[in-house]
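Written out below as structure tokens is the structure these notes cover.
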Amino acid sequence: SWSGQLPAMAAGTVLNYRIDATMSNGSTFSYPDNPADPMYEVYLGNVQTLWCADFETEPTDWTHMAVRGSDDWQWAPARFGSPGDPLVAHGGTSVFGTDVIGDGLYSSRSNQVAISPEIDVTGHTQVRLQYHRWLGVEDATYDSAAILVDGERLWSNQESDGSLNHTDKEWR
């Protein structure tokens with residue numbers, strides 16, 4: 001077992017961290033194990049849930065489509081068989097993602113979107129998007145993944161020389 005302690009931080013702080021460990025036999029490991037996204041991120045402070053989708057029931061209030069190619073978005077009980085896919089849902093038993101019923105591989109040369117229902121944030125001045133993901137895509141040079149809110153890009157996979165694939169190996 002192991003433990004660590006972080007210095008006290010003010011509420012409202014976003015903490016980015018990683019774990020680097022050396023075992024007694026000299027072997028080392030680092031988490032997260034994803035060079036394209038090498039830091040965990042956590043918000044320190046109280047939050048009020050305004051809306052939540054746990055995907056335990058079919059997300060009929062979401063829309064999804066293919067802008068180009070095939071629409072591979074599916075909701076299903078977690079049943080993962082493709083290498084790199086999670087073995088279980090983040091919480092509960094079901095997930096919403098691309099090709100979760102088939103081989104786990106999304107269609108080549110496609111542009112797919114999933115859109116949440118509109119979320120009323122009236123009266124709230126500090127709004128945070130928190131989510132869990134398990135993503136496996138190529139470098140953004142070839143394979144773009146992004147989260148947009150009101151058309152503003154809040155997150156996307158990195159672009160480099162084409163070799164920095166984004167491969168989560170755990171729920172993030």
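Keep in mind that what you see is a predicted model, and the values were worked out from it rather than measured.
- Salt-bridge annotation for R109 and D143: absent, with no side-chain N of the basic residue lying under 4.0 Å from a carboxylate O of the acidic one.
- Within 6.0 Å of CD on E118 lie no more than 12 heavy atoms contributed by other residues, nucleotides or ligands.
- Between W62 and W51, the ring-plane angle classifies as tilted under the 30° and 60° cut-offs.
- In this structure, V47 and Q130 have side chains that are in contact, with non-hydrogen atoms separated by less than 4.5 Å.
- To the nearest 0.5 Å, the span separating CG on D71 from CE on M65 amounts to 8.0 Å.
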- Item | Check against salt bridge (Lys or Arg N to Asp or Glu O under 4.0 Å), K169 and D85 | CA-CA 8 Å; K169 297 176 184 164; D85 280 348; over 6 Å; no
- Query: Can you list the steps and then say if Q112 with R68 is a side-chain contact (heavy atoms from CB on, under 4.5 Å)?
  - Reply: CA-CA 7 Å; Q112 305 173 44; R68 182 181 68 240; over 6 Å; no
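- Within 6.0 Å of atom CG in N16, more than 12 heavy atoms from other residues, nucleotides or ligands are found, so the atom counts as buried in its surroundings.
- Using a 4.5 Å heavy-atom threshold, the side chains of L154 and L148 count as separate.
- Residues V127 and Q48 are not in side-chain contact: their nearest non-hydrogen atoms beyond the backbone lie 4.5 Å or more apart.
- One N or O on the side chain of R18 and one on the backbone of P38 form a donor-acceptor pair closer than 3.5 Å.
- In this structure, W171 and H90 have perpendicular ring planes: the angle between them is above 60°, well past the 30° mark.
- In summary, the aromatic rings of W134 and H166 are positioned with their centroids too far apart to meet the 6.0 Å limit.
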- Determine, stepwise, if the pair T167 / N165 fulfils side-chain hydrogen bond (donor to acceptor under 3.5 Å, both in side chains). CA-CA 6 Å; T167 307; N165 295 339; 5.5 Å; no
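- Across all their heavy atoms, Y40 and Y31 have their closest contact at OH-CB, 3.4 Å.
- Linking ILVMFWY residues whenever their side-chain heavy atoms come closer than 4.5 Å, directly or via other members, leaves M39 and M9 in distinct clusters.
- Panel note: side chain R172, backbone Y131; no donor-acceptor pair is recorded below 3.5 Å.
- Of the possible polar contacts, one joining the D72 side chain to the S107 backbone as a donor-acceptor pair under 3.5 Å is found.
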- Query: Does the pair T141 and D139 meet the rule for a side-chain hydrogen bond (donor to acceptor under 3.5 Å, both in side chains), with working shown?
  - Reply: CA-CA 5 Å; T141 302; D139 185 300; 2.8 Å; yes
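- In terms of heavy-atom proximity, Y17 sits nearest to V42 at CE2-CG1, 4.1 Å.
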- Message: Before you tell me yes or no, could you show the steps for D20 and T28 under side-chain contact (heavy atoms from CB on, under 4.5 Å), namely the whole-Å CA-CA distance, both residues' side-chain angles and the distance that decides it to 0.1 Å?
- Response: CA-CA 7 Å; D20 296 311; T28 62; over 6 Å; no
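- Counting heavy atoms from C-beta outward, W155 and R133 have side chains that approach closer than 4.5 Å.
- Judged by distance alone, with hydrogens and angles left aside, the side-chain atoms of E56 form a donor-acceptor pair with the main-chain N or O of S94 at under 3.5 Å.
- Summarising the local packing, CG of D150 is surrounded by 12 or fewer heavy atoms from other residues, nucleotides or ligands at distances under 6.0 Å.
- Two residues are said to be in side-chain contact when any heavy atoms from C-beta on lie closer than 4.5 Å; R128 and Y43 meet this criterion.
- Formation of a donor-acceptor pair under 3.5 Å by the D168 side chain with backbone atoms of E170 is not found in this model.
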